[in-house]
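The next block holds one structure in the form of structure tokens; read it before the comments.
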Amino acid sequence: MELFSPDFGLIFWMFVTVLLLVVLLGKYGWPFIVNSLEERAALIDKGVEYAQNAKEQLETAQQEAAKYVSEAQKQQAEILREAAKMRTQIIEEAKEAAAKEAKKVMDAAKVSIEQARKESELQFRSEVSQFALQIAEQVVRRDLADDKSQAELVDKLLNEVETKN
């Protein structure tokens, strides 16, 4: 049972070895380990901070993107309204121009018709007067064929002149 009851020398050297190990580790090992852990913690903190900054930047970028999309939609709606307004304006101007052109054509047609009517009326009067003269000439020739009818015509015309004065 000597194993279970250690000797004083063994305990002393174990104590010195452990103490030496603790001193060496305390002087050289623990600072290195602690520094490594602190560096690792700082690296993790920087990573967390970087992730938070990235998250904030992403949220800001999303808000700006939403704002730009909203502005773009407003501009698109405005452009569409202006295009519709221009379309109706162009249509109205075209209608007005067409109405003016139609009025010009109608006025020209009326003038042309009126001129043609006057020309045909003048031609009709000319022809009627020619026919009337031809008829009158034939009637006068027939009526004035003898001397008696000529004398009666002269007397009748003189009577008409006297009654008018």
Side-chain angles (χ1 to χ4, degrees), residues 11 13-143 153 156-157 160-161 163-165:
I11 291 178
W13 286 113
M14 283 177 67
F15 180 72
V16 170
T17 306
V18 169
L19 187 63
L20 183 65
L21 182 64
V22 169
V23 169
L24 286 175
L25 281 177
K27 184 162 181 132
Y28 298 110
W30 288 114
F32 179 74
I33 293 172
V34 169
N35 283 339
S36 295
L37 288 176
E38 286 176 1
E39 288 176 8
R40 179 75 174 154
L43 183 64
I44 291 172
D45 288 342
K46 286 182 184 178
V48 169
E49 185 178 328
Y50 177 76
Q52 288 175 346
N53 287 339
K55 183 179 177 184
E56 289 173 3
Q57 289 177 353
L58 178 64
E59 289 173 357
T60 304
Q62 286 176 341
Q63 289 173 353
E64 288 180 11
K67 183 174 70 171
Y68 290 139
V69 167
S70 174
E71 288 178 13
Q73 288 174 343
K74 287 178 185 177
Q75 288 177 350
Q76 178 187 16
E78 183 66 27
I79 289 171
L80 289 174
R81 277 193 296 271
E82 288 180 16
K85 190 178 192 182
M86 288 176 64
R87 183 189 74 220
T88 55
Q89 182 180 4
I90 289 171
I91 290 172
E92 289 298 320
E93 288 174 358
K95 284 181 182 178
E96 289 175 7
K100 287 179 182 178
E101 190 64 29
K103 188 175 187 303
K104 285 180 183 178
V105 169
M106 290 295 289
D107 290 344
K110 284 180 183 178
V111 167
S112 175
I113 290 171
E114 184 64 26
Q115 287 177 345
R117 186 188 63 82
K118 285 181 181 180
E119 287 176 8
S120 61
E121 186 177 301
L122 287 174
Q123 184 179 2
F124 179 71
R125 282 184 183 180
S126 173
E127 289 176 5
V128 167
S129 63
Q130 285 178 358
F131 288 140
L133 286 174
Q134 287 175 358
I135 292 172
E137 182 181 342
Q138 289 177 2
V139 168
V140 168
R141 280 188 186 167
R142 189 187 55 169
D143 286 346
L153 179 63
K156 183 178 174 185
L157 289 175
E160 284 180 13
V161 170
T163 55
K164 284 185 181 177
N165 289 334

Short side-chain to backbone donor-acceptor contact, S36 and F32, under 3.5 Å: yes

Which residues share a side-chain hydrogen bond (donor to acceptor under 3.5 Å, both in side chains) with E39, sequence neighbours left out: none

Pairwise distance NZ(K67) to OG1(T60) - rounded to 0.5 angstrom: 10.5 Å

With E64 via side-chain hydrogen bond (donor to acceptor under 3.5 Å, both in side chains) - residues at least two apart: none

Distance in Å, Q76 CD paired with E71 CD, rounded so as to fall on 0.5 Å steps: 14.0 Å

N53 CG to Y50 OH distance, which is reported to the nearest 0.5 Å: 9.0 Å

Sequence-distant partners of D107, side-chain hydrogen bond (donor to acceptor under 3.5 Å, both in side chains), two or more places apart: K103

side-chain hydrogen bond (donor to acceptor under 3.5 Å, both in side chains) partners of R40, counting only residues at least two apart: none

Heavy-atom pair of closest approach, residues P31 and G26: CD-O, 3.3 Å

Listed partners of E78 passing salt bridge (Lys or Arg N to Asp or Glu O under 4.0 Å), at least two apart: R81

Separation between CD1 of I33 and CD of E38, rounded to the nearest 0.5 Å: 12.5 Å

From CE (M14) to OG1 (T17), nearest 0.5 Å: 8.0 Å

Selection residues 119-130 - residue pairs positive for side-chain hydrogen bond (donor to acceptor under 3.5 Å, both in side chains), sequence neighbours left out: R117-E121, E121-R125, Q123-E127

Nearest-0.5 Å distance, CD1 of residue I113 to NZ of residue K118: 13.5 Å

